[in-house]
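Chain identifiers are assigned alphabetically (A, B, ...) following the order of the sequence lines, protein sequences preceding nucleic acid strands; residue numbering begins at 1 within each chain.
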Protein chains: 2
Amino acid sequence: MLGNPYDRDCPTRQLLDRIGDQWTVLIVGALVDGPLRFTEIGKRVDGISQKVLTQTLRSLVRDGILTRTAYPVIPPKVEYELTQLGRNLAEPLELLDRWARQNMDQVKAARAAYDAENAATAS
Amino acid sequence: MLGNPYDRDCPTRQLLDRIGDQWTVLIVGALVDGPLRFTEIGKRVDGISQKVLTQTLRSLVRDGILTRTAYPVIPPKVEYELTQLGRNLAEPLELLDRWARQNMDQVKAARAAYDAENAATAS
DNA sequence: CGGAATCCTACCTGATACTG
DNA sequence: CAGTATCAGGTAGGATTCCG
């Protein structure tokens, strides 16, 4: 049982709002190995726009998942790093990732089977 | 490290597409205790519209996460039940849920602190 | 009861251009 | 380099209505 995630403002729900944005998990994953600069993250998380990256990073900082450190040098340098809370979050995320690796082909198969059957009956 | 979830079509990314829709996790959570009928799920997952519930359920069936069983009785009765794959997915999900319960207040605190500081400097 | 079909809106997002 | 600002488009999602 996942508890009682059926009232709109339970923790689970809020977490889903947070990680459900598709990018949070990837960014957190990109930072587990150590701090990265803005552009570095953008390169790792392929497909993210600079705007969304900015937004997501800021909200993660706001949530205490990671810290932002700006070095006042002439070519600006800003580093993002996971907080303890963030590293903490990375663990269950990694389990999810493992599930994905192990079962995603099964999902694909199920999907193909479903579509095949569906196309057949759609005559 | 979350692996290499940075190419657009890795398993992790696909999983995020699946569970990132905000409702999947809640529906799966609602079904861990046993099969439920359409309306039952709708009641448990507060706030979901009938349309989205239908969509999400169907895509979950398609992905092999759960099964749909329609009983041909006069008041229609349809039950949804987790497959093994689905029960399997529920485990890492539960860990995430646990994280949420344990840390969401910390996130809230960080959020409040951030906002306070932000309002102060926004003069 | 368990959907399907339609309409309509809000937000999320990407693309682009500009700034310190 | 690391953002901010603006605008346009697509789409997830809600509300409503009707069907088997």
Side-chain angles (χ1 to χ4, degrees), chain A residues 5-9 13-14 16-27 30-31 35-63 66-81 114 117-118 121-122, chain B residues 6 8 13-27 30-31 35-63 66-81 114 117-118 121-122:
Chain A
Y6 311 124
D7 13 341
R8 282 167 162 289
D9 49 309
R13 210 87 155 207
Q14 294 173 31
L16 288 175
D17 283 344
R18 187 92 278 299
I19 71 170
D21 65 14
Q22 162 100 213
W23 299 114
T24 295
V25 176
L26 298 173
I27 292 177
L31 289 172
L36 285 178
R37 303 179 59 171
F38 183 86
T39 310
E40 294 292 321
I41 303 177
K43 271 185 252 178
R44 293 220 186 188
V45 182
D46 185 48
I48 195 173
S49 72
Q50 159 263 12
K51 174 179 153 189
V52 173
L53 179 56
T54 301
Q55 286 176 354
T56 310
L57 284 175
R58 183 162 32 207
S59 79
L60 283 171
V61 170
R62 186 171 101 104
D63 287 0
L66 45 86
T67 58
R68 188 192 115 116
T69 312
Y71 301 93
V73 291
I74 287 308
K77 176 177 176 177
V78 179
E79 275 193 344
Y80 292 90
E81 185 172 16
Y114 183 95
E117 187 175 350
N118 207 285
T121 43
Chain B
Y6 311 123
R8 282 169 162 289
R13 210 87 157 207
Q14 294 173 32
L15 175 66
L16 288 175
D17 283 344
R18 185 92 279 301
I19 71 169
D21 64 14
Q22 162 102 216
W23 301 113
T24 294
V25 176
L26 298 173
I27 293 177
L31 290 171
L36 284 177
R37 304 179 59 173
F38 183 86
T39 310
E40 293 293 322
I41 303 177
K43 270 184 252 178
R44 292 220 186 187
V45 183
D46 185 48
I48 194 171
S49 71
Q50 166 264 346
K51 174 181 156 188
V52 174
L53 180 56
T54 302
Q55 285 176 352
T56 310
L57 284 175
R58 183 161 33 207
S59 79
L60 282 171
V61 170
R62 185 171 101 104
D63 286 0
L66 45 85
T67 59
R68 187 191 116 114
T69 312
Y71 300 93
V73 292
I74 288 307
K77 176 177 176 179
V78 180
E79 275 192 344
Y80 293 89
E81 185 173 14
Y114 182 95
E117 186 174 350
N118 206 286
T121 43

TODO: Specify the separation, in whole Å, of atom NZ of A/K51 and atom P of C/dG14.
DONE: 9 Å
- [ ] Give the rounded distance in Å between these two atoms: CH2 of A/W23 and C1' of C/dC12.
- [x] 12 Å
- [ ] Run through A/I27, A/L36, A/L57, A/T69 and flag the one making a side chain to side chain contact (heavy atoms under 4.5 Å, CB included) with A/Y80.
- [x] A/L57
Open item on the list: Nearest 0.5 Å, please: how far is CG in B/L66 from CD in B/E81?
Closed with: 9.5 Å
Open item on the list: Please confirm whether the shortest side-chain N or O distance from A/R68 to OP1 or OP2 of D/dA2 is below 4.0 Å.
Closed with: no
- [ ] Whole angstrom is fine here: how far is it from NZ in B/K77 over to P in C/dC1?
- [x] 13 Å
TODO: Starting from the 5' end of DNA chain D, give me the residue, A/T54 or A/P75, whose nearest nucleotide shows up first.
DONE: A/P75
- [ ] Say whether, by atom type as modelled, one donor and one acceptor occur between the side chain of B/S59 and the main chain of B/T56 under 3.5 angstrom.
- [x] yes
TODO: Respond yes when some side-chain nitrogen or oxygen of A/R37 is under 4.0 Å from OP1 or OP2 of D/dC1, and no when none is.
DONE: no
Open item on the list: Whole angstroms only, please: what is the CD-C1' distance between A/E40 and D/dC1?
Closed with: 11 Å
Open item on the list: Between C1' on D/dA2 and NZ on A/K43, what's the gap in Å once rounded to a whole number?
Closed with: 13 Å
- [ ] Considering non-hydrogen atoms only, spot the tightest contact between B/R68 and B/V78 and give its length.
- [x] CG-CG1, 3.6 Å
TODO: Starting at atom CD1 of A/I74, determine the distance to atom P of C/dG20, rounded to an integer number of angstrom.
DONE: 14 Å
TODO: Give the rounded distance in Å between these two atoms: CG of A/L53 and P of C/dT13.
DONE: 12 Å
Open item on the list: From C-beta outward on B/T39, which listed nucleotide comes closest to its side chain: C/dC1, C/dG14, C/dG3?
Closed with: C/dC1
Open item on the list: From C-beta outward on B/S49, which listed nucleotide comes closest to its side chain: D/dT16, D/dG14, C/dG14?
Closed with: D/dG14
Open item on the list: Working to the nearest 0.5 angstrom, can you tell me the gap between B/L53 CG and B/Q55 CD?
Closed with: 10.0 Å
TODO: Rounded off to whole Å, could you give me the CG-to-C1' distance for the A/D21 and C/dC12 pair?
DONE: 11 Å
- [ ] Indicate whether OP1 or OP2 belonging to C/dG3 is found under 4.0 Å from a side-chain N or O atom of B/R58.
- [x] no
Open item on the list: Tell me whether the side-chain N or O atoms of A/Q50 pair up with the base of C/dT13 as donor and acceptor below 3.5 Å, since no angle test is needed here.
Closed with: no
Open item on the list: Looking at B/Y80, I'd like to know whether one of its side-chain N or O atoms comes within less than 4.0 Å of OP1 or OP2 on C/dC1.
Closed with: no
